Amino acid sequence: MKNKIALVTGATSGIGKACAITLAKIGYNIIATGRRGDRLKELASELPSNVDYLPLVFDVRDREKVLDILGALPEAWKEIDVLINNAGNAHGMDPIQNGSLDDWDAMMDINVKGLLYVSKAVMAGMCDRKSGTIINIGSIAGKEVYPNGNVYCGSKHAVDAITQGMRIDMNPFGIKVMAIHPGLVETEFSMVRFKGDEKRSESVYQGFEPLLGQDIADIVEFAVTRPPHVVLADIVVLPTAQATATIVKKNL
Ligand code: NDP
Ligand code: 8X3
């Protein structure tokens, strides 16, 4: 039997990279996407040799490119079984009256519209085949709103609502739709949010044990290995030290 296929967006670091490696280890052929082609090339050496690998370099904001590239996949890669919509980031963390328009555009264009473009390209085949699993990576920021989180929280609340809408519309096709909403995960996320400020980024994860990308990948593995009649619809996962988006027990 041929391997199933998983497409993971934002597989060049953090949660997406861990998901790609984990899914490969359980026998999925992997399509990994991101803007940093060098990182996608390096990922090849971290995947087991018994699976196939297709790296695709594109920006999820580029609607035409997303639809062109995913609409013209090589024959052997067309039937995607699992889509992990993971690409995304926070950009800036300012009171809304001081927010940067560029940051707002980035978050809405990547986290919301990028997820929609990729989904649009992949859902058509899943609907035809009446099979597939879509896992959207949301956030605790999609369940709560916290000070200065304004637009990032808005983008992740949108992911939550879009996931619920997808689950309803995909229901007649038997397609599983789920969301994982993590709390604090130590990745490159804070370096992006704080625009390369290492000290500020490191301080986010100091004084407690944050989640790692692998913790999210473990949930993905559990989700995709459930029997056909089971979908994990909506998962919030936090570090034990975290109670809400803003309450984190730190020993500093
Ligand atoms: P990272 O910064 O480590 O990874 C982000 C990934 O998204 C990278 O692979 C990056 O690839 C990709 N990406 C970002 N912008 C684009 C773009 N325009 N086009 C294509 N790919 C893009 O962060 P995380 O792993 O933490 O983040 C992954 C997801 O998890 C995000 O959706 C984030 O919102 C969510 N999340 C993160 C949490 C955390 O605390 N870290 C908690 C809750 C949710 P490249 O730069 O190569 O394009
Ligand atoms: C990332 C986690 O708490 O910074 O989505 O919003 S948080």
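FYI, side chains are in, hydrogens and waters are out, and symmetry mates aren't considered; it's all heavy atoms of this structure. Predicted, not measured: the structure shown is a model, and the values here were computed from it.
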Checklist entry - Side chains of T22 and Q214: donor-acceptor distance under 3.5 Å anywhere? => result yes
Next on the checklist: Ignoring hydrogens and geometry beyond distance, is a side-chain donor-acceptor pair present between S119 and N85 at under 3.5 Å?
Outcome noted: yes
Checklist entry - Can you check whether G138's main-chain N or O pairs, donor with acceptor, with N136's side chain at less than 3.5 Å? => result no
Checklist entry - Do you know which two heavy atoms are closest between T246 and P147, and how far apart they sit? => result CG2-CD, 4.0 Å
Item to check | Sidechain-backbone polar pair: N89 side chain, R193 backbone, donor-acceptor under 3.5 Å | outcome: no
Item to check | Electrostatic pair D234:K143 at N-O distance under 4.0 angstrom | outcome: yes
Checklist entry - If we only count heavy atoms from C-beta on, is the V159 to I137 side-chain gap below 4.5 Å? => result no
Checklist entry - With a cut-off of 6.0 Å (strictly less than), are more than 12 heavy atoms of other residues, nucleotides or ligands near CZ of R39? => result yes
Item to check | Under 3.5 Å donor-acceptor, T187 side chain and I15 backbone | outcome: no
Next on the checklist: Measuring centre to centre across the rings, with the benzene-like ring taken for any Trp, is F58 within less than 6.0 Å of Y117?
Outcome noted: no
Next on the checklist: Using a 3.5 Å distance criterion without hydrogens, assess whether the side chain of K250 forms a donor-acceptor pair with backbone atoms of Q206.
Outcome noted: yes
Checklist entry - Which atom names give the shortest non-hydrogen contact between L73 and K78, and what distance separates them? => result O-NZ, 2.8 Å
Checklist outcome for this item: When every non-hydrogen atom of V112 is compared with those of A158, the smallest separation belongs to CG2-CB, 3.9 Å
Item to check | Main-chain N/O of T244 paired to E144 side chain as donor or acceptor, under 3.5 Å | outcome: no
Checklist entry - Taking the side chain from R167 and the backbone from A233, do they hold a donor-acceptor pair closer than 3.5 Å? => result yes
Next on the checklist: Please determine whether a side-chain nitrogen of the Lys or Arg among D52 and K2 lies less than 4.0 Å from a carboxylate oxygen of the Asp or Glu.
Outcome noted: no
Next on the checklist: Taking G125's backbone N and O only, do any of them form a donor-acceptor pair with R129's side chain (distance below 3.5 Å, no angle check)?
Outcome noted: yes
Next on the checklist: Donor-acceptor pair, distance only, cut-off 3.5 Å: does the side chain of Y152 make one with the backbone of H91?
Outcome noted: no
Next on the checklist: Tell me whether H157 contacts the main-chain N or O of A141 through its side chain, where contact means a donor paired with an acceptor under 3.5 Å.
Outcome noted: yes
Item to check | Backbone of V60 reached by a side-chain donor or acceptor of K113 within 3.5 Å | outcome: no
